[in-house]
Participant: 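Once you've had a glance at the structure underneath, I'll fire off some questions.
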There are 2 protein chains.
Amino acid sequence: MNQVEVFKALGNKNRLQILNWLKSPEEHFVDYVPACGDVDVGVCVGYIQKKSGLTQSTISEYLAVLNRVGLVSATRIGQWTYYKRNEETIAALSNLMDTL
Amino acid sequence: MNQVEVFKALGNKNRLQILNWLKSPEEHFVDYVPACGDVDVGVCVGYIQKKSGLTQSTISEYLAVLNRVGLVSATRIGQWTYYKRNEETIAALSNLMDTL
DNA sequence: AATATATATCGGTATTTCCCGATATTCCAA
DNA sequence: TTGGAATATCGGGAAATACCGATATATATT
């Protein structure tokens, strides 16, 4: 995990917001239904885009940033890409903060 | 504490480095001596500047940034300004990470 | 094959950040 | 009170980031 890059990714209110929304999709996304039955793959780009009010390209870019630094993971299913939090990285970062 | 601003402050390898050096000044700064007897006021700008290799103005600016977001605190004594980690903010951030 | 939908990528402008040199300010010492 | 030392602030060029619209790509439907 690249600390500096992770912090940069977190240094933006919209990305921070997205990360927060993804904590409880059912609460934040009206139309949300767990995508693959029992396997939770997260939330598709379109939902996040609508809720954010930013453009599709911007959100796609932001999700790519979060994905690149490992804060979320992506799953492509058909024409949708689902993003969900990568709790491992987030936990690792949390631990790292204790030794910052 | 402004999360976004704190993360921005942390999203720079030099500032992250400084914060790390300040964890154990006696270990990182050759000439370091606790400035005010038993009261630890931290490390003066000059020491940090020399170790970093960056210019005086840049370091002064970086320390101001860290100070503004509450990651360090400053104490002016005579012609020196001493900076030390603000463990309260750092701990608060660490806790906040758990609920990120 | 043609079309529609979801997402990614590209190109661009405005803003911010990085880091510098020069200058100002503050305090101390002679 | 003049000079020197430590730090802060100012002005700026280069690079990165924020966010957009337009276009490309991939998949699904007909």
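Being a predicted model, the structure only gives us computed values, none of them experimental. Proteins come first, then strands; the chains are lettered A, B, ... in the order of their sequence lines, and each starts at number 1.
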Participant: Please list, chain by chain and in numerical order, all residues satisfying side-chain hydrogen bond (donor to acceptor under 3.5 Å, both in side chains) with A:Ser52, sequence neighbours excluded.
Facilitator: none

Participant: What are the two closest non-hydrogen atoms of A:Val69 and A:Val6, and how far apart are they?
Facilitator: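 That would be O-CG2, 3.8 Å.
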
Participant: State, to 0.1 Å, how close B:Asn12 and B:Tyr62 come at their nearest heavy-atom pair, and which atoms those are.
Facilitator: ND2-OH, 3.6 Å

Participant: Sequence neighbours excluded, which residues qualify as salt bridge (Lys or Arg N to Asp or Glu O under 4.0 Å) partners of B:Lys8?
Facilitator: B:Glu5

Participant: Quick one: closest heavy-atom pair of A:Gly42 and A:Tyr32, and the distance?
Facilitator: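 Closest approach of A:Gly42 to A:Tyr32, heavy atoms only: O-CE1, 3.5 Å.
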
Participant: Residues two or more places apart in sequence or in another chain: which of them pass side chain to side chain contact (heavy atoms under 4.5 Å, CB included) with B:Thr89?
Facilitator: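 So B:Thr89 forms a side chain to side chain contact (heavy atoms under 4.5 Å, CB included) with B:Met1, B:Leu71, B:Asn86.
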
Participant: Specify the separation, in whole Å, of atom OH of B:Tyr62 and atom P of D:dA8.
Facilitator: 15 Å

Participant: Roughly, in whole Å, what's the span from CD in A:Glu5 to C1' in D:dT17?
Facilitator: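 From A:Glu5 CD to D:dT17 C1': 12 Å.
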
Participant: Among residues two or more places apart or on two chains, list those pairs meeting side chain to side chain donor-acceptor pair (under 3.5 Å) that have a residue in residues 91-100 of chain B.
Facilitator: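 For residues 91-100 of chain B: A:Ser94-B:Asp98, A:Asp98-B:Ser94.
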
Participant: Mind calculating the distance between CD1 (A:Ile48) and P (C:dT7) to the nearest angstrom?
Facilitator: 9 Å

Participant: Given axes from five pairs at either end, by how many degrees does the helix from C:dA1-D:dT30 to C:dA30-D:dT1 bend, rounded to 10°?
Facilitator: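 Here the helix ends are tilted 10° relative to one another.
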
Participant: For B:Leu16 and A:Phe7, which heavy atoms make the closest approach, and how far apart are they?
Facilitator: CD1-CE1, 4.0 Å

Participant: Kindly state which residues belonging to residues 7-20 of chain A come within less than 4.0 angstrom of DNA chain C, counting heavy atoms of the residue only, listed by number.
Facilitator: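 Per residue number, the list is empty: none.
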
Participant: Starting from P on D:dA18, measure out to CG on A:Leu63 and report it in whole angstrom.
Facilitator: 14 Å

Participant: I need the OH-C1' distance between A:Tyr82 and C:dA6, as an integer number of Å.
Facilitator: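 Nearest whole value for this atom pair: 10 Å.
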
Participant: Quick test: give all pairs of protein nitrogen or oxygen and nucleotides 20-22 of chain D nitrogen or oxygen below 3.5 Å, distance rounded to 0.1 Å.
Facilitator:
{"residue": "D:dC20", "atom": "OP2", "partner": "A:Thr55", "partner atom": "N", "Å": "3.0"}
{"residue": "D:dC20", "atom": "OP2", "partner": "A:Thr55", "partner atom": "OG1", "Å": "3.1"}
{"residue": "D:dC20", "atom": "OP2", "partner": "A:Thr58", "partner atom": "OG1", "Å": "3.0"}
{"residue": "D:dG21", "atom": "N7", "partner": "A:Ser57", "partner atom": "OG", "Å": "3.4"}
{"residue": "D:dG21", "atom": "O6", "partner": "A:Ser57", "partner atom": "OG", "Å": "3.0"}

Participant: Check nucleotides 2-6 of chain D against the protein and report each pair of N or O atoms closer than 3.5 Å, with its distance, or say if there are none.
Facilitator:
{"residue": "D:dA5", "atom": "N3", "partner": "B:Gln79", "partner atom": "NE2", "Å": "3.2"}
{"residue": "D:dA6", "atom": "O3'", "partner": "B:Gln79", "partner atom": "O", "Å": "3.4"}

Participant: Quick one: salt bridge (Lys or Arg N to Asp or Glu O under 4.0 Å) partners of A:Glu87, sequence neighbours excluded?
Facilitator: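 Partners of A:Glu87 under the salt bridge (Lys or Arg N to Asp or Glu O under 4.0 Å) test: A:Arg85.
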
Participant: Once side-chain hydrogen bond (donor to acceptor under 3.5 Å, both in side chains) is applied, do any residues pair with B:Thr58, and if so which ones, sequence neighbours excluded?
Facilitator: B:Thr55

Participant: Only pairs at least two apart or in different chains count here, so list each salt bridge (charged side-chain N to carboxylate O under 4.0 Å, His left out) that has a residue in residues 44-73 of chain A.
Facilitator: none

Participant: Within this structure, what is the CZ-to-P distance between B:Arg68 and D:dT9, rounded to whole angstrom?
Facilitator: 10 Å

Participant: With salt bridge (charged side-chain N to carboxylate O under 4.0 Å, His left out) as the rule and sequence neighbours excluded, what pairs involving residues 13-30 of chain B come up?
Facilitator: none

Participant: Can you name the nearest heavy-atom pair linking A:Val45 to A:Tyr83, along with the distance?
Facilitator: CG2-CE1, 3.6 Å

Participant: Write down the distance between CD1 (A:Ile77) and P (D:dA28), rounded to a whole number of angstrom.
Facilitator: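 Spelled out: CD1 on A:Ile77 to P on D:dA28 is 11 Å.
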
Participant: Taking only N and O in the side chain of A:Tyr83, is any of them less than 4.0 Å away from OP1 or OP2 of C:dA8?
Facilitator: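 Affirmative; the distance criterion is met.
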
